[in-house]
Amino acid sequence: MECTISWLTFYFTILFYTIFDVTTAQNNWKGNEVRWSKNCDFPGNNIGNQTIGGEHCGTICQNTLAECTHFTFTLFQGGTCWFKSGPVSPVQAIPLLSPGSVCGFLTISWVHEIGLSWSHHCTFPGGDFENQPSPGALCGPMCMDNPQCTHFVWTNVEGQGGICWMKSGGATRESAILTPGARGAVCGFRHNRSPNGGVPIVTSSTPWFDTDTCECVC
Ligand SMILES: *[C@@H]1O[C@H](CO)[C@@H](O)[C@H](O)[C@H]1NC(C)=O
């Protein structure tokens with residue numbers, strides 16, 4: 001038994017070092033949609049755990065667990081993701097002197113294109129003036145074609161199919177709300193004049209959930 005555990009530990013440690021290239025200092029956050037750092041923990045707010053390799057924590061948090069916003073990975077039982085819910089900020093990460101441990105959180109990570117920026121896993125509350133069935137890839141162009149449209153949300157809820165929610169009145173990156181889990185939302189906004197900066201911006205200070213009426217799941 002002891003032997004099994006140590007081999008598992010060894011296996012996951014090697015796997016982890018290989019996949020995450022763990023050579024950086026603590027709280028040196030890496031990644032875009034999933035930000036992670038080594039040797040840290042977000043204490044509390046546990047909603048579940050899964051014995052699995054650390055490279056899966058972010059994906060499971062993002063796509064499988066409706067409430068998951070952040071996680072901690074430790075080598076407990078050969079490798080365990082501890083999933084957590086609720087708003088979180090990177091400054092809440094505390095050092096965890098447990099070899100191979102990682103903590104991470106989901107963010108809104110914008111992709112900038114000509115005329116608009118968009119991200120997975122986010123929504124804009126309110127501002128709706130029109131919605132119609134649409135494939136995801138056509139929602140942005142549909143908004144661009146409508147002078148009234150300043151921003152949009154695309155949802156793909158089971159039983160409803162893809163819907164493009166066109167919105168007016170303007171939006172900023174800061175007004176986007178993270179929608180973690182399998183809620184299928186994409187949000188985007190049009191650029192007024194020039195895009196705000198040329199590189200993808202990670203928004204981690206968004207007030208998550210508090211105004212999240214989320215037409216996508218109700
Ligand atoms: C891990 O999750 C299982 C359910 O999947 C639960 O029964 C167990 O108590 C959890 N372990 C800890 C240490 O929280």
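One-based numbering, in listed order, for ligands and for the atoms of each.
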message = When you measure from atom 7 (O) of ligand 1 to the protein, is at least one non-hydrogen atom found at a distance under 4.0 Å?
response = no

Problem - is_close_aromatic(Trp118, Phe152), centroid dist under 6.0 Å - result: no

- request: Establish whether atom 2 (O) of ligand 1 and some protein heavy atom are separated by less than 4.0 angstrom.
  value: yes

Using modelled atom types and a 3.5 Å cut-off, is there a donor and acceptor pairing between side-chain atoms of Thr69 and backbone atoms of Leu106?
no

NE2 (His70) and CZ (Phe42) are apart, to the nearest 0.5 Å, by 6.5 Å

shortest atom 10 (C) of ligand 1-to-protein heavy-atom contact is with Asn49 ND2, 2.5 Å

Under 4.0 Å from one or more heavy atoms of Trp82, ligand 1 contributes atoms 12 (C), 13 (C), 14 (O)

Let me check something: do Phe83 and Ile52 share a hydrophobic cluster, defined by ILVMFWY side-chain heavy atoms less than 4.5 Å apart, either directly or through other members? yes

